[in-house]
> 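Dumping the structure here so I can ask a few things about it.
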Amino acid sequence: MILLLVVSLVLAAVLLARPPLGAPARLRRTGASGPVPGPKEPSRGGFAGKLRGAGRGSERSAAPMTLVVQQLAALLKGGRTPARLWEEIWDVYGSSGSHAYGLSAGSGAMLAAARAAAGRGIPVSEAIRRASPSAFPRRDRESRIWSELAACFDIAEASGCPLADVLTRFAAQLEVEDDADAARQTALAGPKATVSLLTWLPLMGLGLGMALGVDPLAILLGTPWGLAALAAGAGLTVAGRLWSARLVAAAAGAGAP
């Protein structure tokens, strides 16, 4: 009995100390990108090496597209032509494998389409829109970023505004979204831990009762009232867990675009 109580208390301590699932990656995201690499590296290989270093910093990051947009803006400010721009980005994410730096297979396909279009002199925005349905069968934040990136190219072409400035503003907007999402996940860490703790409390109560010399299992399983209490408690526990999970999920998605 004492052993059961100790095990229950250890489980409770683990639940309190362990961060909720998904929180560490979200909290690391804002610091993962690091500074945007300098745009005036003289040699292509040296600059690509700096981009690879930045990509490694964001490996398995939840927001690699923010870094890609920052790098596009930096390359344009460094005087890269559209064809050279996508070639150097491809050297980092395409030839080395998009998954190694946190990009999805869909973003890898989009990079390939943009690179091919730029090499043939076709508008990159059109290539992005054509490739998007097959690259992203389901709409998500990553596909939205690519659509808005195509819109940035169209706006710069139609208005005459420097594309580097447009992409810089777009990257700043993405950073604000990333920071807000990280703050939201941090605020939800407490409720998630509370839900986990409350789920284990009934088992801890059983262990404590057995440690005090009471046999709660015999009462719960050996009497009609005990069985009714057990069924009601199990049902309420499951309902509370599902309800809390829905509330946390709704709060987590409240600020999503």
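Quick caveat, the model's predicted, so the values are computed rather than measured.
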> Hey, does the side chain of Ser244 reach the backbone of Arg241 with a donor-acceptor pair shorter than 3.5 angstrom?
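No: the side chain of Ser244 does not pair with the backbone of Arg241.
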> May I ask you to test the Val69-Gln173 pair for a side-chain heavy-atom distance under 4.5 Å?
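Of all side-chain heavy-atom pairs linking Gln173 with Val69, none is under 4.5 Å.
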> Taking atom types as modelled and ignoring hydrogens, do the side chains of Gln71 and Glu88 form a donor-acceptor contact shorter than 3.5 angstrom?
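No donor-acceptor contact under 3.5 Å links the two side chains.
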> Closest heavy-atom contact between Arg141 and Leu174?
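Result for this residue pair: NH2-O, 3.8 Å.
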> Testing the basics here: between Ala117 and Pro123, what is the closest heavy-atom pair and its distance to 0.1 Å?
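Of all heavy-atom pairs spanning Ala117 and Pro123, the closest is CB-O, 4.3 Å.
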> Locate the shortest heavy-atom distance separating Ser107 from Phe136; write the atom from each residue and the value.
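Heavy-atom minimum between the residues: N-CZ, 3.7 Å.
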> Among residues two or more places apart or on two chains, list those pairs meeting salt bridge (Lys or Arg N to Asp or Glu O under 4.0 Å) that have a residue in residues 112-124.
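As it turns out, the salt bridge (Lys or Arg N to Asp or Glu O under 4.0 Å) pairs with a partner in residues 112-124, which skip direct neighbours, are Glu87-Arg115.
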> So, Thr168 and Lys77: side-chain donor and acceptor under 3.5 Å apart, yes or no?
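A donor-acceptor contact under 3.5 Å links the two side chains.
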> Does this structure show an ion pair linking Arg184 with Asp179, if we count only N-O contacts that are shorter than 4.0 Å?
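No, Arg184 and Asp179 are not salt-bridged.
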> Could you list who else is in Leu247's hydrophobic cluster, with ILVMFWY side chains joined at under 4.5 Å, directly or through other members?
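Answer for Leu247: Trp243.
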> Does Arg84 pair with Asp91 as a salt bridge, N-O distance under 4.0 Å?
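Judged by the 4.0 Å cut-off on N to carboxylate O distance, Arg84 and Asp91 do not form a salt bridge.
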> Is it the case that over 12 heavy atoms from other parts of the model lie below 6.0 angstrom from the CD atom of Glu148?
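Count over threshold, so yes.
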> How far apart are the closest heavy atoms of Met210 and Pro216, and which atoms are they?
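Reported closest heavy-atom pair: CG-CD, 3.6 Å.
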